[in-house]
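From a predicted model like this one, the values you see are computed outputs, not experimental measurements.
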Amino acid sequence: MNGTRFMEFAARLLFGLTLLALAGTAVAWVAQRPAFDFARVELRGGAGELQHVTVAAVRAAVASKLRGGFFTMRLDEARRVFESVPWVADASVRRVWPDRLIVTLTEHRALGVWGDGRLLSDTGVLFVANVAEAEIYGPLPQFEGPAKFAPEAARLFYALAAQLAPLSLQLEELRVSERASWALRARQGEAEVEIELGRDEPVGTLTQRMTLAMNSFPVAAAKFGAPPARIDVRYPNGFAAAAPAESKNTR
């Protein structure tokens with residue numbers, strides 16, 4: 001390629017790049033025009049009807065945070081905005097031509113109240129919401145312990161509640177210490193029982209100890225003439241139980 005042809009090629013290339021830059025600027029300018037703003041934001045429930053999330057609450061929470069129109073909105077950022085709304089566990093956001101934004105929301109399902117005032121979801125996630133809204137059907141179980149144990153607490157709750165059910169015991173409180181030692185409080189009618197389970201080492205130990213506690217409960221109740229106030233199954237070869245009005249254990 002001689003010098004003249006090279007100069008012609010360079011000139012054409014520069015002209016083409018300039019046209020592309022101008023076209024890109026024009027497209028960006030057009031995309032940002034008010035005509036492409038979203039005229040409607042539609043909220044839908046991802047797993048049935050929304051019980052705690054209202055259209056008014058969502059609009060108030062996101063009104064000043066959403067940015068962009070049909071072509072310019074970043075959907076990942078919009079999703080995070082919607083997921084910051086109380087009770088929202090997950091959000092899916094998509095555009096529908098010419099001017100609609102469809103938002104599908106999945107709510108948290110509250111399992112109980114953590115010791116710091118947050119709610120624990122049935123998937124083990126701690127979230128901030130109005131506890132009174134979660135307890136519209138009655139008081140929720142209580143959970144106490146370091147937040148890092150929240151996923152394990154949710155998993156254990158269902159397993160332990162299932163083991164309590166045959167004796168008509170209802171799990172009301174589940175606690176875990178810094179050293180991962182577990183304990184619970186359950187109710188049978190007017191009677192309450194504290195059950196000390198200890199650490200789940202090796203894995204499966206809690207299930208075995210809970211089986212021992214459930215086998216020991218009617219034995220202790222028959223001996224005391226009433227449901228025991230406390231059962232401790234952390235011993236390697238037995239259990240300890242206390243009568244309702246007693247402060248010392250009977251081994």
CZ/F143 to CG/D116 distance, rounded to the nearest 0.5 angstrom? 12.5 Å

Can you name the one residue among R100, R94, R59, R95 that meets salt bridge (charged side-chain N to carboxylate O under 4.0 Å, His left out) with E42? R100

Under the criterion side chain to side chain contact (heavy atoms under 4.5 Å, CB included), I'd like the reasoning laid out for V93 against I102: C-alpha separation, chi angles, the key distance, then a yes or no. CA-CA 6 Å; V93 184; I102 306 296; over 6 Å; no

For M214 and L169: C-alpha separation, side-chain torsions, deciding distance, then whether side chain to side chain contact (heavy atoms under 4.5 Å, CB included) applies. CA-CA 10 Å; M214 293 300 91; L169 285 162; 4.0 Å; yes

How many angstroms lie between CZ in R175 and CD in E196, if you round to the nearest 0.5 Å? 6.0 Å

Where is the tightest heavy-atom contact between A110 and L140, given as atom of each residue plus distance? CB-CD1, 4.1 Å

Nearest 0.5 angstrom please: Q142 CD to W114 CH2, how far? 11.5 Å

Could you tell me whether the side chain of K65 reaches within less than 4.5 Å of the side chain of S84, counting heavy atoms only? yes

Could you report the tightest heavy-atom contact between L160 and M210, atom names first, then the distance? CD2-CG, 3.9 Å

Result for side-chain hydrogen bond (donor to acceptor under 3.5 Å, both in side chains) between R187 and one of E172, E173, Q170 points to E172

Check the hydrophobic clustering (I, L, V, M, F, W, Y; side-chain heavy atoms under 4.5 Å; chains of links allowed) and say if L156 and V125 are grouped together. no

Is there a path of hydrophobic side-chain contacts, each under 4.5 Å between heavy atoms of I, L, V, M, F, W or Y residues, that connects L75 with L43? yes

List the steps and the verdict of side chain to side chain contact (heavy atoms under 4.5 Å, CB included) for L111 and Y158. CA-CA 10 Å; L111 175 62; Y158 289 106; 3.5 Å; yes

Output yes when a side-chain donor or acceptor of D200 lies under 3.5 Å from a complementary backbone atom of G204, and no otherwise. yes

In Å, rounded to the nearest 0.5 Å, how long is the span from CD of E83 to OG of S92? 9.5 Å

Is a side-chain N or O of T211 found less than 3.5 angstrom from the main chain of T207, in a donor-acceptor match? yes

I would like to know whether V131 and L119 meet side chain to side chain contact (heavy atoms under 4.5 Å, CB included); could you show each step before the answer? CA-CA 7 Å; V131 175; L119 291 169; 4.2 Å; yes

Is the shortest distance from a Lys or Arg side-chain nitrogen in R155 or E152 to a carboxylate oxygen in the other one below 4.0 Å? yes

Shortest non-hydrogen contact between A220 and A241, atoms and distance: CB-CB, 4.0 Å

Hey, is E107 close enough to R109 for a salt bridge, meaning N to O under 4.0 Å? no

Can you confirm whether Q51 sits close enough to W87 that some side-chain heavy atom of one is under 4.5 Å from a side-chain heavy atom of the other? no

Do the rings of W182 and F149 sit parallel, tilted or perpendicular, given the 30° and 60° boundaries? perpendicular

Distance-minimising heavy-atom pair for A91 and L105: CB-CD2, 3.7 Å

Separation of L184 CG from I195 CD1 (nearest 0.5 Å): 4.5 Å

Count I, L, V, M, F, W, Y as connected when their side-chain heavy atoms are under 4.5 Å apart, and connections chain through other members. Are V219 and V193 then in the same cluster? no

Looking at P86 and V53, what are the two nearest heavy atoms and their distance? O-CG2, 3.9 Å

What heavy-atom pair brings H108 and S121 nearest, and what distance separates the two atoms? ND1-CB, 3.9 Å

Quick one, Q188 and L164 - any side-chain contact, counting heavy atoms below 4.5 Å? no

What distance separates L50 CG from R44 CZ, expressed to the nearest 0.5 Å? 12.0 Å

